[in-house]
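Report on one structure; see the data block that follows.
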Amino acid sequence: MSKCLVCDEAMKDALTWRTLLMWVDAKLICKSCDEKLERITGDRCSMCSRGLAGNSSSDDLCFDCSRWEGSGEWSGYLSNNISLFHYNEYLKEIIAKYKYRGDYALASIFIPYLKEMLRDIEYDLVTCIPLSDERLKERGFNQAQALVDLLGLRTVEVLTRIDMEKQSKKSRHERIALPQVFHVTKNDLLHNQSILVIDDIYTTGTTLRQAAKALKKAGAKEVSSITLCR
């Protein structure tokens with residue numbers, strides 16, 4: 001009998017066609033914990049996956065994305081981001097254990113959901129948002145790269161991070177006003193390619209848009225992204 005990776009309770013769920021279709025990985029989290037993961041459903045922003053209820057402008061964009069796209073500096077770089085879950089208090093605690101306390105195994109519970117999402121996405125190359133050397137040494141692993149490794153995808157490391165200060169400590173205004181924090185390597189691999197960027201959390205969208213801008217300026221045809229939550 002297996003135990004839930006989140007609550008450590010024994011799982012007695014019967015094997016069904018749904019669990020078969022969702023791969024055996026789905027058994028790593030119990031039904032009770034799974035139900036606490038708040039999936040993003042219904043009408044959402046076509047660019048960032050934010051729910052549109054009371055937060056929509058024209059062209060199926062939320063107000064934030066309309067502002068991003070309305071600025072000449074950021075328009076046209078990130079094609080779209082797909083986020084799977086709302087960043088509620090329950091998921092916040094799971095990610096804190098995974099990301100900051102080194103519970104690497106927790107990454108496994110997200111793999112079936114990511115696999116399902118990847119079925120409908122076309123791309124040429126996959127890359128991850130990198131950590132600075134300081135953050136990598138502090139955490140011991142890149143949380144986004146861990147997800148991709150468990151998915152069995154081959155990534156191309158084409159971005160390096162310039163900044164050293166934690167973005168989680170910055171306000172929304174400070175994040176948006178940041179200068180470019182990424183440098184592109186291996187430019188020859190990017191020419192006319194569709195790039196899929198993987199990260200864990202979409203907050204203001206600054207990190208992903210900076211990555212997309214750097215990649216497109218280096219020759220990428222299109223940049224889209226997947227994040228666990230927003």
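In what follows, residues are counted from 1 in the order of the sequence shown.
The side-chain hydrogen bond (donor to acceptor under 3.5 Å, both in side chains) check on Glu222 picks up Ser79, with sequence neighbours excluded. With sequence neighbours excluded, no residue satisfies side-chain hydrogen bond (donor to acceptor under 3.5 Å, both in side chains) with Asn187. Every residue was checked against the salt bridge (Lys or Arg N to Asp or Glu O under 4.0 Å) condition with Asp199, not counting sequence neighbours, and none meets it.
Classification of Arg67 and Asp64 as a salt-bridged pair holds, one side-chain N sitting under 4.0 Å from a carboxylate O. With respect to Lys137 and Glu134, no salt bridge is recorded, no charged nitrogen being found less than 4.0 Å from a carboxylate O.
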(request) Determine, stepwise, if the pair Ile121 / Ile82 fulfils side chain to side chain contact (heavy atoms under 4.5 Å, CB included). (result) CA-CA 10 Å; Ile121 298 175; Ile82 299 175; 3.9 Å; yes
(request) Go through the steps for Gln145 and Thr155 under the test side-chain hydrogen bond (donor to acceptor under 3.5 Å, both in side chains), then give the verdict. (result) CA-CA 8 Å; Gln145 185 66 54; Thr155 57; 3.2 Å; yes
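Side-chain contact check for Ser132 and Arg161: no donor-acceptor pair (N or O, by modelled atom type) lies under 3.5 Å.
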Under 3.5 Å donor-acceptor pairs involving side-chain atoms of residues 211-218, not counting sequence neighbours:
from, atom 1, to, atom 2, distance (Å)
Lys213, NZ, Glu73, O, 3.2
Lys216, NZ, Gly76, O, 3.2

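For the side-chain contact (heavy atoms from CB on, under 4.5 Å) with Ile94, the qualifying choice from Leu5, Asp103, Val6 is Val6, the only one to do so.
Residue pairs meeting the side-chain hydrogen bond (donor to acceptor under 3.5 Å, both in side chains) criterion with at least one partner in residues 85-99, sequence neighbours excluded, are Glu93-Arg101, Lys99-Asp200.
Between Phe110 and Phe85, the ring planes lie tilted relative to each other; the angle falls in the 30° to 60° range.
Residue Ile40 belongs to no hydrophobic cluster, having no ILVMFWY side-chain heavy atom closer than 4.5 Å to its own.
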